[in-house]
Amino acid sequence: MIAGLPIAFGAPAILFGLLALPVIWWLLRLTPPRPAAEPFAPLAILARVLKPEETPSRSPWWLTLLRLLIAALVILALAEPVLNPRDKALSTNGPLALIIDNSWASASDWNARVEAAEALIAEAESSDLPVSIVLTADRRHDATPTTVERARDQLRAAKPRPLKPERDAAVTALIAAFGETAPGTVAFLTDDIDTEETNAALTRLSGLNPAAIRVIGASDPAGLILTQADNGADSLTVEASRLETRDAENFRLVARDSKGREIATGPLAFDSGEASATGVITAPFEIRNDIARIDVVGRESAAGQLLDDSFRRRRVALISGEAADIAQPLLSPLYYINRALSPYADLIQAETADMTTAVPELLRLSPAVIVMADIGTLPEEVAGPLNEWIERGGTLIRFAGPRLAAAPADDPLAPVLLRKGERELGGALSWIEPQPLADYPTSSPFAGLPTPRDVTVSRQVLAEPSAELAARTWASLADGTPLVTASERGSGRIVLFHVTAEASWSTLPISGHFVDMLRRVVQLSRAVSGGGEAGSGILPPWRLLDPSGALLPASGDAKPLDLTGTGTVRAGHDNPPGLYGTEDGFVALNLFAPGETLAPIELPAFDAPVTRAQLTGDSAVDFRPWLFGAALAALLADTLIVLILNGGFRGGLRRRDIKPASATAAALLLAIALPLGLGFAPGQAHAQDSQPGDTELLESLDKTRLAYVITGDDDTDETSKMGLDSLSNFLTSRTALEPGTAVGVDIETDQLALYSLIYWPMSEDADDPSPAAISRIDAYMKSGGTVLFDTRDRIAELGGGSSSLTLRMQRILANLDIPPLEPVPQDHVLTKSFFLLDTFPGRYADGPLWVEAIPESEDPATRPARAGDGVSSILITGNDMAAAWALDERGYPMFSTVPPDPWQREYAYRAGVNIVMYMLTGNYKADQVHIPALLERLGQ
């Protein structure tokens with residue numbers, strides 16, 4: 001073999017014939033002696049008439065070189081040159097032992113391995129040696145030395161497996177089969193990839209006392225694996241490892257769906273000297289969730305990455321009972337949920353507080369999970385589609401709060417029956433101190449998480465005791481009351497956290513444990529449109545990988561995948577890499593675990609001589625046919641040249657003048673003006689036509705205006721307008737505020753967000769508002785607006801009246817998602833927002849004014865702050881305030897007060913001023929800076 005080149009000669013002595021080439025050159029160029037000239041007179045005359053034919057005295061140098069080339073080709077062919085020659089040096093001291101890696105990495109060059117093994121078997125046949133074969137990725141090994149014919153049968157039946165090699169088991173089989181017999185040559189056809197047991201297994205080969213060891217590997221190992229895939233917020237990242245690290249390499253990742261179709265690609269670049277790299281596949285969220293398999297183009301194998309439903313990034317929709325645009329960030333119910341789930345899920349948030357609009361829009365985006373923070377009553381036209389979505393596999397996560405506590409106990413979208421109201425410190429069902437969490441039940445999805453001892457709960461919504469309460473409790477407090485309950489609903493589930501999503505009721509949302517709990521619940525969800533995940537248990541094999549990376553129906557000796565244990569399941573003979581479960585839900589088992597890397601085999605020290613060789617790909621190439629063919633072609637060319645030079649084709653050839661033809665090509669480019677199709681001429685503004693009501697809308701923006709609901713009762717509407725106009729004049733005369741004229745609004749169609757306060761008087765002749773109008777009012781209140789309901793019937797307590805006006809208001813409130821209410825406390829901001837008041841009279845004086853309830857606390861500093869600067873979204877009175885404010889054109893009161901007290905009307909105006917200033921400034925007057933001024937005005 002030539003040093004550095006994979007070429008050998010079967011008869012190298014013939015190469016000495018090349019030394020004769022200079023002699024051949026001299027012989028071909030040799031000129032014979034000039035003949036003696038005898039003049040003959042008649043020939044001189046003929047010489048002038050006839051053109052003599054001349055024969056050159058020597059051949060041209062290029063023709064001589066061609067003939068030397070023919071001689072050299074013949075000499076080289078006779079020397080029997082061979083490309084990639086095989087070492088034919090098997091030891092005859094014992095049988096031939098073949099150890100063949102038929103692992104996942106051998107699939108790409110399996111034919112070369114088979115041909116290399118056949119050549120060794122052929123050599124053993126010529127030496128009359130028995131042959132033993134073991135395949136490192138096979139389950140069973142028959143290493144008994146046998147005949148050449150049987151060895152060939154074993155080799156033909158062998159095939160690569162989508163598994164890692166188990167070389168220790170193969171060496172053990174060899175040692176047991178040979179016993180006291182020492183093999184002559186041990187030939188190891190390796191895939192060049194190291195494993196944990198390789199070094200120890202090869203070291204044990206020395207115990208066989210072989211005469212020689214031959215290690216045959218690929219000339220360019222192509223080992224490359226994908227170990228992990230992470231579905232991030234904007235892209236998918238893939239971790240990869242390679243065996244050969246010498247050069248920088250660039251690959252292309254391809255992502256395929258469950259049907260094998262290519263749906264996304266991305267780059268994978270290895271730096272020089274680096275064994276690991278990270279690839280990125282950038283694709284929309286929906287496409288990334290359809291990925292079932294990731295491969296490397298040109299390196300497809302069982303070492304790719306299979307993905308199941310646990311990999312998919314869930315889409316989570318968020319809805320809150322509070323308006324996000326007016327809530328302080330740390331007080332927002334969705335703030336902590338957003339922070340907890342944003343790294344692991346695709347979050348979408350409702351753009352409007354109108355439930356009839358927000359919920360259908362979110363359902364149209366097919367979320368896997370919907371999170372509702374303190375949503376009490378849902379409109380009927382929304383509850384139906386939401387329940388249907390849950391039945392089809394959706395997961396609804398709800399958080400408690402004042403609105404849910406005030407909602408009806410038999411809420412159909414609650415997992416358990418709830419008690420109305422909430423349990424709090426200082427209440428009827430109070431604790432001595434805040435309660436910690438109890439250990440999680442073994443059946444809970446939270447089982448296995450460490451119980452946080454620093455999380456405490458001070459308020460909660462209680463569940464009514466029932467037979468199924470224990471089975472539906474996922475987490476509970478130390479006193480046994482449930483913290484998280486859940487129930488199955490069709491293919492989906494409803495999960496309820498009995499505390500708020502912010503830190504007013506418990507410290508859970510501000511703990512790291514909150515993230516772990518939400519992740520567990522979201523991971524249990526599934527895509528509503530189909531699919532799912534198997535979860536745990538014993539799963540049958542469904543689709544298994546072949547060595548080239550293709551998913552095929554399960555067959556063979558694969559056993560079900562047991563996920564009931566606590567250990568990590570690894571791919572092996574019993575569980576080859578693939579998908580386990582069914583089409584409705586499956587788990588992916590990959591060949592390589594996250595973090596694994598590839599490393600080359602390091603051979604231990606052997607007592608026997610070790611020879612390293614490379615796989616040749618195809619069989620050794622014999623150059624003799626090619627050299628003889630080239631010599632024959634050169635000989636034919638020489639013959640043709642000699643015939644031409646000697647005029648053998650002169651009669652059949654004619655000289656022709658071949659004139660070069662030239663042509664000039666012209667190209668004509670036409671400029672074609674294409675219409676832009678923009679729908680308007682250049683320079684023309686693209687503006688929308690004015691919409692009906694825009695003029696009135698713009699006029700309403702110039703000043704602060706008070707609004708009232710148009711009931712359709714002319715007398716009631718006239719009283720509302722005159723009353724609010726009179727209150728506006730009083731505000732102008734007593735405060736820095738100069739309101740405009742009052743505006744009547746139609747809650748069915750008008751824009752409500754322009755007004756901070758809407759006065760809604762009850763009227764017996766008015767029609768009931770439609771569900772759409774109720775939804776618009778609900779959205780208005782959740783967006784920071786306030787509605788002042790006035791039953792005008794002197795109600796003594798909320799719900800205690802029996803007049804038709806009170807019953808009408810109760811029907812309206814039943815469809816609104818409102819928090820618990822209470823009469824205005826003595827320390828409420830309403831009592832001091834402008835005037836110092838202790839009552840809020842109107843035409844009548846003895847009715848209370850109801851506002852949103854604030855939880856009681858022994859320490860006022862610990863009372864939770866309310867979003868929107870503490871402004872209550874609802875006020876309810878029965879004192880007929882507009883009638884007390886209303887003045888006619890001459891400035892006289894339109895209605896007398898009951899009782900007829902002149903100061904009562906003055907206090908009614910002052911109450912109206914306080915309400916308006918409270919709407920505009922919120923809890924501004926509750927700040928400590930105002931206390932000295934208030935005490936001075938009180939004379940204290």
Side-chain angles (χ1 to χ4, degrees), residues 84-103 106 110-161 165-192 197-218 601 603-616 619-620:
N84 295 326
R86 301 188 184 279
D87 186 5
K88 300 180 180 179
L90 288 182
S91 173
T92 58
N93 295 339
L96 168 65
L98 283 175
I99 304 176
I100 304 175
D101 279 341
N102 62 328
S103 63
S106 65
W110 178 248
N111 292 333
R113 295 175 185 276
V114 171
E115 291 174 2
E118 287 179 342
L120 291 171
I121 293 174
E123 189 176 351
E125 182 179 22
S126 63
S127 301
D128 198 18
L129 297 176
V131 179
S132 172
I133 297 180
V134 288
L135 301 163
T136 59
D138 278 6
R139 182 192 295 269
R140 303 174 185 86
H141 304 285
D142 183 7
T144 304
T146 184
T147 63
V148 170
E149 290 77 11
R150 188 166 182 269
R152 286 198 175 101
D153 291 339
Q154 285 182 276
L155 186 60
R156 294 189 189 100
K159 60 182 179 180
R161 307 283 184 184
E166 297 181 1
R167 298 177 179 119
D168 188 69
V171 171
T172 299
L174 273 179
I175 293 174
F178 275 82
E180 300 298 328
T181 303
T185 299
V186 174
F188 180 26
L189 277 69
T190 175
D191 61 12
D192 300 289
E197 60 179 8
T198 297
N199 191 273
L202 295 180
T203 301
R204 294 175 59 201
L205 280 177
S206 298
L208 287 173
N209 298 317
I213 295 178
R214 185 178 299 181
V215 179
I216 304 174
I601 290 178
L603 295 177
F606 292 105
D607 296 332
V610 178
T611 303
R612 300 209 63 157
Q614 296 178 347
L615 291 174
T616 59
S619 58

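- Checked against side chain to side chain donor-acceptor pair (under 3.5 Å), Thr190 has the following partners two or more places apart in sequence or in another chain: Asp101.
- Side-chain contact check for Asn209 versus Phe178: every heavy-atom pair is 4.5 Å or farther apart.
- No side-chain donor-acceptor contact under 3.5 Å links Glu118 to the backbone of Arg152.
- If you check the side chains of Arg214 and Thr185, you find no donor sitting under 3.5 Å from an acceptor.
- Between Ile121 and Ile133, the closest side-chain pair of non-hydrogen atoms falls below 4.5 Å.
- When each of Leu96, Asn93, Val186, Asp607 is tested with Pro210 by the rule side-chain contact (heavy atoms from CB on, under 4.5 Å), just one qualifies, namely Val186.
- The OG atom of Ser103 sits 3.5 Å away from the CG atom of Asp191 when rounded to the nearest 0.5 Å.
- A heavy-atom distance below 4.5 Å is found between the side chains of Leu205 and Ile99.
- Glu115 CD to Leu155 CG: the interatomic distance, rounded to the nearest 0.5 Å, is 10.5 Å.
- Note: Asn102 CG to Leu135 CG = 4.5 Å, rounded to the nearest 0.5 Å.
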Using side chain to side chain contact (heavy atoms under 4.5 Å, CB included), reason through Arg167 and Thr136 one step at a time and then give a plain yes or no.
CA-CA 5 Å; Arg167 298 177 179 119; Thr136 59; 3.9 Å; yes

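- Under the 3.5 Å distance criterion, the side-chain polar atoms of Gln614 are left unmatched by any main-chain donor or acceptor of Ile216.
- Without hydrogens or angle criteria, Ser127 side chain to Ala124 main chain gives no donor-acceptor distance under 3.5 Å.
- Annotation: side chain of Val131 is not in contact with side chain of Thr147 (no heavy-atom distance under 4.5 Å).
- Between Lys159 and Asp138, no side-chain nitrogen of the basic residue sits less than 4.0 Å from a carboxylate oxygen of the acidic one, so the salt-bridge criterion is not met.
- Using a 4.5 Å heavy-atom threshold, the side chains of Thr611 and Val215 count as separate.
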Identify each donor-acceptor pair in which a side-chain atom of residues 168-175 lies under 3.5 Å from a protein atom, sequence neighbours left out, and give them as a table.
from   : atom 1 : to     : atom 2 : distance (Å)
Asp168 : OD1    : Arg204 : NH1    : 2.9
Thr172 : OG1    : Asp168 : O      : 2.8
Thr172 : OG1    : Arg204 : NH1    : 2.9
Thr172 : OG1    : Arg204 : NH2    : 3.2

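- Between Pro95 and Leu129, every side-chain heavy-atom pair lies at or beyond the 4.5 Å cut-off.
- Residues Arg612 and Leu603 form a side-chain contact, since some pair of their non-hydrogen atoms from C-beta on lies under 4.5 Å apart.
- In this structure, CD in Glu180 is found 10.5 Å from CG in Leu208, a value given to the nearest 0.5 Å.
- The shortest non-hydrogen separation linking Gly184 to Ser91 is O-CB, 3.5 Å.
- Not a single salt bridge (charged side-chain N to carboxylate O under 4.0 Å, His left out) links Arg140 to another residue, sequence neighbours left out.
- Counting only distance, with no hydrogens or angles, the side chain of Asp192 and the backbone of Ala218 share a donor-acceptor pair below 3.5 Å.
- Contact check on Asp153 versus Arg156 returns a salt bridge, with a Lys/Arg side-chain nitrogen under 4.0 Å from an Asp/Glu carboxylate oxygen.
- Summarising the geometry of Phe606 relative to Leu202, their closest heavy-atom pair is CE2-O, 3.1 Å, with the distance given to 0.1 Å.
- Taking the side chain as every heavy atom from C-beta outward, Gln154 and Thr146 approach each other to under 4.5 Å.
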